[in-house]
Amino acid sequence: MLFVLTLVIFKTVLSISCAEDVQVDPNGYVMYCPCMGRFGNQADHFLGALGFAHGLNRTLVLPPWVEYRPSDVKSHQVPFNFYFDVKPLEEFHRVITMEKFMEELAPTIWPPEKRISFCYMSRNSILNKGGQKEADKGCNAKDGNPFGPFWDTFKIDFVGSEMYAPLHFDVHHGNAGAKWLKKYPPDKWPVLAFTGAPGSFPVQEENRALHRYLKWSEPVRAAAMSFIHKELPNAPFIGIHLRNGMDWVRACKHIPETKNLFSAPQCLGYNNEFGLATPAMCMPNKEIIICHLRKLLKSSNYESVFVASDNNHMLKELANSLKKNKIVVKKLEPGNPHIELAILGMSNHFVGNCISSFTAFVKRERDSRGLPSSFWAFPDERTAKKSMQHDEF
Ligand code: GDP
Ligand code: MN
C-alpha cells in the first residue's frame, strides 16, 4: 500500500514537473546559430538575441556555445547551461535551452516538415547538380562549418528558407517588434530559426546592461574561487587580460583605417565620443603594461596580479618589474577561457584590451556589479591632455 502511494506521489510529482516543462509559449520562439566568431563574439550576439526575443515577446531558445578545437575540423557544441545558469535569465525574459526545446517541444510545435531557416537575404551556395553548377538562392543554413555541425547536433534539417529583409533586429528604435509580429504571426510561425544571431557585433549599446542576467554556472564559479583561494594571497588582486596571439597581431593592423574596431566602443564610445583607437590600445607594449600596473599599485594594497592571455602571459617580465612592490604574478594552469573570465570578473581591479570582445565580457559583467575596470593605453595621452585643457577653460 505504502509502495503504491509512494508511486502515486512520485508519478504526480513527475507529471507536475513535466506539465511545467512542456508548456508551449503561444507567442512563439526565437532560435539561432551562434555561427560567428569565438566566445567573446558569441556573448555579444547572445545579448542582442536576448534583447531581440524580449522585443518580439517570443521565448528565446538558448543555443549551445560553438567551440573550435584545433584537433577537429567540425565545431563542438557545448550546452548553454554548462557555462551559465538559466534561472537568472528568466528574471528578465522567457528562455528554454535548445536541448530541452528540441526534446520536449519540437516534435509537436516544430516537426521536421515545418523547419524553415531565416536569413536577411540569400546566402548563395553553389550546388553541383549532375555536373551542372547552379546557384542556390536560399539561406543554405547548413552550409559550411559551424553551420552544418551546429544544426546536426539536434538533427535539424530545413525544408525551406525565409528571407526577412528589410526587417531588422533593433527593437529599441521604431516599432520593429510590431513589424515582426505582423509579418510572422506566431500561430503561423511558431519558431523563427535564424541562420546567424539576431543581434549585432559589437553588442548594441541598449543591450549591454542585459549582461547582469548572465551568471556563471556553479562549476565555473567554484573553479574560479578555488583558484583565487589556493593560488593568490588573501588580499586584493588585479586581473589583467593580455590579448597578444598571432590572430590579434593581424587584427591590430586594421587599427589605422578603422576608428572603432571590434569591441572598441566599450572605451571609445559608440560614436567615438572618447577618441580614436590606437595601435597601443590594441597591442600595448611592456612599458605601457608595467606603467599602468605601477600606477594602480600605488593606489591600493594589492598583493597579486592574475594574468589571462591567449598567448604570452609575460609572467617573468611582470614579476621582475614589480619585484619592488612584492607582487605575486600568476596565471591559471592549464588555461581555460571561461574560468579565466570568471576570475577576471572577481578581481578588485581589471585591466583589459579595449578592442577585444573577450575583455568586453569582463567589462560588462563588472559594470553590472559596479566594479572598477580600465583599459591599456586608454585614454590615449593626447586625448587625455586635450580633455584636461578643455576642463581648464
Ligand atoms: P576577441 O577576438 O579578443 O575579440 O575575443 P573572442 O572570444 O572572439 O576570440 C578570442 C578567443 O581567444 C577566445 O574565445 C579564447 O578562446 C581565446 N582567448 C583570448 N584571450 C584569452 C585569455 O585571456 N585566456 C584564454 N584562456 N583564452 C583566451
Ligand atoms: Mn575574435
Side-chain angles (χ1 to χ4, degrees), residues 33-48 64-72 75-78 80 82-84 146 196-197 199-203 208 211 214 216 220 223-224 227-228 231 237-255 258 260-268 277 279 281-284 289 305-315 318 329-347 350-366 373 375-378:
C33 170
C35 273
M36 196 203 91
R38 285 180 284 171
F39 181 74
N41 298 49
Q42 291 177 40
D44 270 53
H45 274 156
F46 171 72
L47 298 181
W65 301 92
V66 173
E67 295 187 356
Y68 304 91
R69 304 189 182 150
S71 55
D72 214 326
S75 64
H76 284 255
Q77 279 60 241
V78 180
F80 186 93
F82 186 78
Y83 295 128
F84 298 100
S200 62
F201 178 76
V203 61
R208 276 193 90 240
H211 199 115
L214 201 49
W216 292 112
V220 176
F227 172 87
I228 293 170
E231 301 292 328
F237 73 101
I238 302 173
I240 68 173
H241 180 214
L242 300 181
R243 181 78 165 93
N244 50 24
M246 265 321 287
D247 66 321
W248 202 246
V249 174
R250 276 194 298 272
C252 292
K253 291 207 172 113
H254 295 289
I255 287 282
T258 330
N260 234 342
L261 187 64
F262 300 155
S263 291
Q266 67 179 318
C267 73
L268 301 176
M281 246 177 231
C282 197
M283 189 63 77
I289 294 166
V305 173
F306 165 69
V307 186
S309 177
D310 55 313
N311 180 47
N312 180 3
H313 293 76
M314 300 174 65
L315 290 190
L318 295 179
V329 185
K330 283 266 166 89
K331 68 172 179 176
L332 177 73
E333 259 173 314
N336 177 303
H338 303 89
I339 299 172
E340 286 171 47
L341 284 170
I343 298 171
L344 293 173
M346 292 172 185
S347 65
F350 167 62
V351 193
N353 184 311
C354 172
I355 316 298
S356 161
S357 64
F358 194 82
T359 276
F361 187 96
V362 183
K363 174 71 163 75
R364 285 191 307 262
E365 179 186 313
R366 297 177 64 86
S373 308
F375 299 98
W376 306 120
F378 177 81

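All values reported here derive from a predicted model rather than from experimental measurement. Note that ligands are numbered from 1 as they come in the structure, with each ligand's atoms numbered from 1 the same way.
Considering only non-hydrogen protein atoms, atom 15 (C) of ligand 1 sits nearest to Phe358 CE1, 3.9 Å. The protein non-hydrogen atom at the shortest distance from atom 23 (O) of ligand 1 is Ser309 N, 2.9 Å. For atom 20 (N) of ligand 1, the nearest protein heavy atom (residue, atom name, distance) is His241 NE2, 3.0 Å. For atom 24 (N) of ligand 1, the nearest non-hydrogen atom of the protein is Glu340 OE1, 2.7 Å. For atom 7 (O) of ligand 1, the closest non-hydrogen atom of the protein is Gly40 N, 2.7 Å. When hydrogens are left out, the protein atom nearest atom 27 (N) of ligand 1 is Pro337 CB, 4.0 Å; that is the closest non-hydrogen contact. The single protein non-hydrogen atom nearest to atom 19 (C) of ligand 1 is Asp310 CB, 3.5 Å, given as residue, atom name and distance. In terms of protein heavy-atom proximity, atom 8 (O) of ligand 1 is closest to Asn41 OD1, 2.5 Å.
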Exercise. Please walk me through it: do Lys330 and Phe237 pass side chain to side chain contact (heavy atoms under 4.5 Å, CB included)?
Worked result: CA-CA 11 Å; Lys330 283 266 166 89; Phe237 73 101; over 6 Å; no
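For Trp65, there are no side chain to side chain donor-acceptor pair (under 3.5 Å) partners two or more places apart in sequence or in a different chain.
Phe361 has its ring centre less than 6.0 Å from the ring centre of His211. For an aromatic pair to be called close, the ring centres must be under 6.0 Å apart, and His76 with Tyr68 fails this. If you look at Tyr83 and Trp216, their ring centroids are not closer than 6.0 Å.
Those atoms of ligand 1 that come under 4.0 Å of a heavy atom in Ser357, given as number and element, are 1 (P), 3 (O), 4 (O), 5 (O), 6 (P), 8 (O). Each of the atoms 23 (O) of ligand 1 lies under 4.0 Å from some heavy atom of Ala308.
The pair Asp310-Arg38 does not count as a salt bridge, with every side-chain nitrogen at least 4.0 angstrom from each carboxylate oxygen. Ion pair Arg208/Asp44 not flagged as a salt bridge, since none of the NZ, NE, NH1 or NH2 atoms sits closer than 4.0 Å to an Asp/Glu carboxylate oxygen.
With no hydrogens or angles considered, a side-chain donor-acceptor pair links Ser357 and Asn41 at under 3.5 Å. No side-chain N or O of Ser75 forms a donor-acceptor pair with one of Arg69 less than 3.5 Å apart.
The aromatic rings of Phe378 and Phe375 lie perpendicular to each other, with more than 60° between the two planes, well past the 30° mark.
Using a 4.0 Å cut-off between heavy atoms, Arg243 contacts ligand 1 through its side chain alone, with no backbone atom that close. With a 4.0 Å heavy-atom cut-off, ligand 1 is reached by no atom of Phe262.
Taking any N or O of Ser356, backbone or side chain, at least one lies under 3.5 Å from an N or O belonging to ligand 1.
Using 4.0 Å as the threshold, Phe361 has no heavy atom nearer than that to any atom of ligand 1.
Distances from atom 9 (O) of ligand 1 to the heavy atoms of Lys331, Arg38, His338 show the closest one on Arg38.
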